[in-house]
Amino acid sequence: MVRTYQPKKRHRKKEHGFRKRMASRSGRKIISGRRKSGRKKLSY
């Protein structure tokens, strides 16, 4: 049986990374929200 989640660092960065978030307006909103709540990690 194959596990459902096979992690790949590059794919994760491309989908949920900081640069992807900053690329769109809604993504920037997410980052600013995480900054406001004093989050240690903003994105992965």
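In this chain, residues are counted from 1 in sequence order.
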Requested in this report: Tell me, with the steps shown, if K14 and K20 meet side-chain contact (heavy atoms from CB on, under 4.5 Å).
Outcome: CA-CA 7 Å; K14 288 268 178 203; K20 179 90 175 220; 6.0 Å; no

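- Atom NE2 of H16 has more than 12 neighbouring heavy atoms from other residues, nucleotides or ligands inside a 6.0 Å radius.
- To the nearest 0.5 Å, atoms OG (S43) and CD (E15) are separated by 13.0 Å.
- Remark: I30 pairs with R21, R34 by the side-chain contact (heavy atoms from CB on, under 4.5 Å) rule, at least two apart or across chains.
- Across all their heavy atoms, R12 and Y5 have their closest contact at NH1-OH, 4.1 Å.
- Residues meeting the side-chain contact (heavy atoms from CB on, under 4.5 Å) test with R35, sequence neighbours left out: F18, I31, L42.
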